[in-house]
Amino acid sequence: MFPPRPQDFVTRIAPSPTGFLHVGALYMALISTQLAYQKNGIFFLRIEDTDDKRETETGVADILSWLTRFGVKIDEGAIGENGTEIGNYGPYTQSKRARFYHVFAKRLVEKWLAYPCFLTEGEIAEIRDSQAAIGKIPGIYGNYSPWRNESCENVVARIEAGDPYVLRFHAPSAIGSRVKVYDEIRGTIEMDDNFLDTVLLKKNGIPTYHFAHLVDDRLMRTTHVMRAEEWLPSLPLHYQLFRAFDLPVLKYAHTAQLMKIENGNKRKLSKRKDPEANVAFFFEAGYPVLAIKNYLCGIFDSGFEDWKMKNMDLPFSDYVFDFARMPKSGALFDLKKLDSVSNIHLSHLSNEELFAQMLDWTGEFRPELHAMMIAERELAFRAIGIQRGTERDPKKFTRLSDVEAYLAPFLRGAFEALKSARGSIALPVPKELAIEVVNDYIEHLDLEMNANDWISWMREEAAKFKFARDGAEFKAGGCVGKFGDYAMIIRVAVAGGTNSPDLYEMMRALGADETRKRLGDFADEMHNR
Ligand code: GLU
């Protein structure tokens, strides 16, 4: 029914439909899709929805849409229109696969390798207490498992009486045995073998991860299981399960846990505490997709960053990933580093491309700003390009979301908000002088001058009002203020605040009329202060 596949590389991602895509899962999807592409393999999506509590209505759709945005190409799964399935190895959703789990379970029971266990919660607690009292490892195993070797009659009688039970694996190894397992990233590892009679089917007949993974990955003909490092300790159990079915074990690659540094200590990136564990965070924060991709690949393949720096223009798909270059543990996730990768990435985009991406970002997360950018498109576009890539501002933007603060002094609607907040800015000179300065500026403003002439002119204008032209003049004394104080008055008038992009470029982008209007409004405002 599910014949071997012709491909040598078949892998998958298997998220729960919580709508939450962990950044580690995204990384795995990126690598998997790339490896599958390079090896003419298959990459499919399986939805692990056996834990009802964790589902959300749009969970699967959200995950799919994020993966799609990152260019992850999924070959099979419930990925068609309205969730229809594509591929011959389904169903690709665990809740639709009960019959498979049950067939496999029966097989193990027939071989005496799994057994129904009727222990109640209370009885399990008692066993654990008795183990703890004599310093034994707690759990259901060996002689501590009363149902392990129970007679068939007794078991059948309990089942017929309708008593609830779980199905437990009859672990073949005893406490203290060791086993060698193989991981594609770590090579051969020797570890403690599994001795616990792990639950395979819960009381409601739903499989645990360990069992479902065997059934699904076997029937779906997975060749490589890529999953998080947290599953590595379960690998001996998974080897035992495959052997119990006389099946060859799969190839496993456990990707290093993402860590972050907090107060000087490394700790696991936490789904609860760290917003950046959720892929949704990166979109809202304004990181461009390719920067996130580049950053993640840099963490997980030690050769990637160098390659990327040398081949800025080659597509991601040209890079050949290799398990051998992947970290074995503790991969450090650092938003500052992501900022720098993002900054470099954005600095390579054309003005047109950057502007288009900023429009997309505001369209999704700042609809009002988006509408303003459309309404004053030419101005917005020109503003973005100011000094971009020149010596004075080589790496202008770090995130797409920088557009919000950056464009505020340019766009009319956004400028209004800055204006209404500037009342609290203390001016370096009495308001009467500020009004004189501004009125004079309106009269003599000439934006046809080049930047050098303009700055010389500004200094002379400043001198007219007894501001120092430069530091030396200020030191000599007798001035009402520094040249910077003079410029600040103009800046607050034109840009609405004490920080702004280059004033000359800004005024040129706004045009003389708008600039004069802003200066005039500021003078009026000063009168009423
Ligand atoms: N649902 C499991 C998880 O999210 C899948 C692990 C696997 O890929 O096998 O951890």
Side-chain angles (χ1 to χ4, degrees), residues 9-33 35-36 41-56 59-60 62-64 66-67 72 74-78 89-97 100-101 104 181-186 194 198-200 202 206-242 247 249-258 268-272 277-280 300 323 326 331:
F9 188 87
V10 177
T11 193
R12 79 293 186 281
I13 84 163
S16 301
T18 53
F20 180 104
L21 185 63
H22 193 283
V23 59
L26 168 65
Y27 157 73
M28 268 183 277
L30 288 171
I31 293 283
S32 303
T33 186
L35 287 172
I42 294 286
F43 174 55
F44 68 85
L45 170 71
R46 178 168 72 229
I47 297 297
E48 303 210 338
D49 61 345
T50 48
D51 190 354
D52 307 336
K53 281 169 281 167
R54 295 165 60 201
E55 270 176 67
T56 68
V60 180
D62 289 346
I63 288 174
L64 265 177
W66 281 315
L67 292 176
V72 172
I74 302 170
D75 299 306
E76 298 173 10
Y89 289 79
Y92 294 90
T93 301
Q94 284 187 334
S95 57
K96 298 186 178 144
R97 302 179 57 79
F100 299 118
Y101 305 127
F104 271 67
V181 293
Y182 186 80
D183 175 87
E184 296 291 315
I185 297 172
R186 294 164 185 77
N194 170 62
T198 308
V199 173
L200 303 180
K202 296 185 248 181
I206 288 180
T208 55
Y209 167 77
H210 310 291
F211 190 52
H213 134 67
L214 171 129
V215 176
D216 294 342
D217 283 319
R218 169 64 190 176
L219 294 182
M220 295 176 178
R221 298 287 177 171
T222 302
T223 60
H224 291 71
V225 173
M226 287 184 69
R227 62 186 179 190
E229 193 179 0
E230 63 185 0
W231 293 112
L232 188 59
S234 309
L235 193 52
L237 165 64
H238 300 164
Y239 268 51
Q240 289 177 347
L241 284 171
F242 274 88
L247 292 172
V249 291
L250 303 178
K251 295 196 166 105
Y252 290 89
H254 294 86
T255 58
Q257 182 77 55
L258 281 172
K268 237 171 100 170
L269 196 64
S270 142
K271 198 169 156 167
R272 270 181 310 112
N278 186 347
V279 167
F300 283 106
F323 288 127
M326 297 187 189

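Starting from 1, each residue takes its place in the sequence as its number. We count ligands from 1, going down the list as the structure has it; atoms in each ligand are counted the same way.
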Val72 vs Ile13, test: side-chain contact (heavy atoms from CB on, under 4.5 Å). Steps then yes/no. CA-CA 11 Å; Val72 172; Ile13 84 163; over 6 Å; no

Mark up the atoms of ligand 1 that fall under 4.0 Å of a heavy atom belonging to Arg12, in ascending order. 7 (C), 8 (O), 9 (O)

Start with the C-alpha distance between Met226 and Thr255, add both sets of side-chain angles, then the distance that settles side-chain contact (heavy atoms from CB on, under 4.5 Å), and finish with yes or no. CA-CA 7 Å; Met226 287 184 69; Thr255 58; 4.1 Å; yes

Distance flag, aromatic centroids of Tyr252 and Trp231, threshold under 6.0 Å: no

Please check whether Ser16 reaches ligand 1 - meaning an N/O of the residue sits under 3.5 Å from an N/O of the ligand, judged on distance alone. no

Return yes if a side-chain donor-acceptor contact under 3.5 Å exists between Tyr209 and Arg227, otherwise no. yes

Ligand 1 to Arg227, heavy atom cutoff 4.0 Å, flagged ligand atoms 7 (C), 8 (O), 9 (O)

Look only at interatomic distance and state if Pro15 has a nitrogen or oxygen under 3.5 Å from any nitrogen or oxygen of ligand 1. no

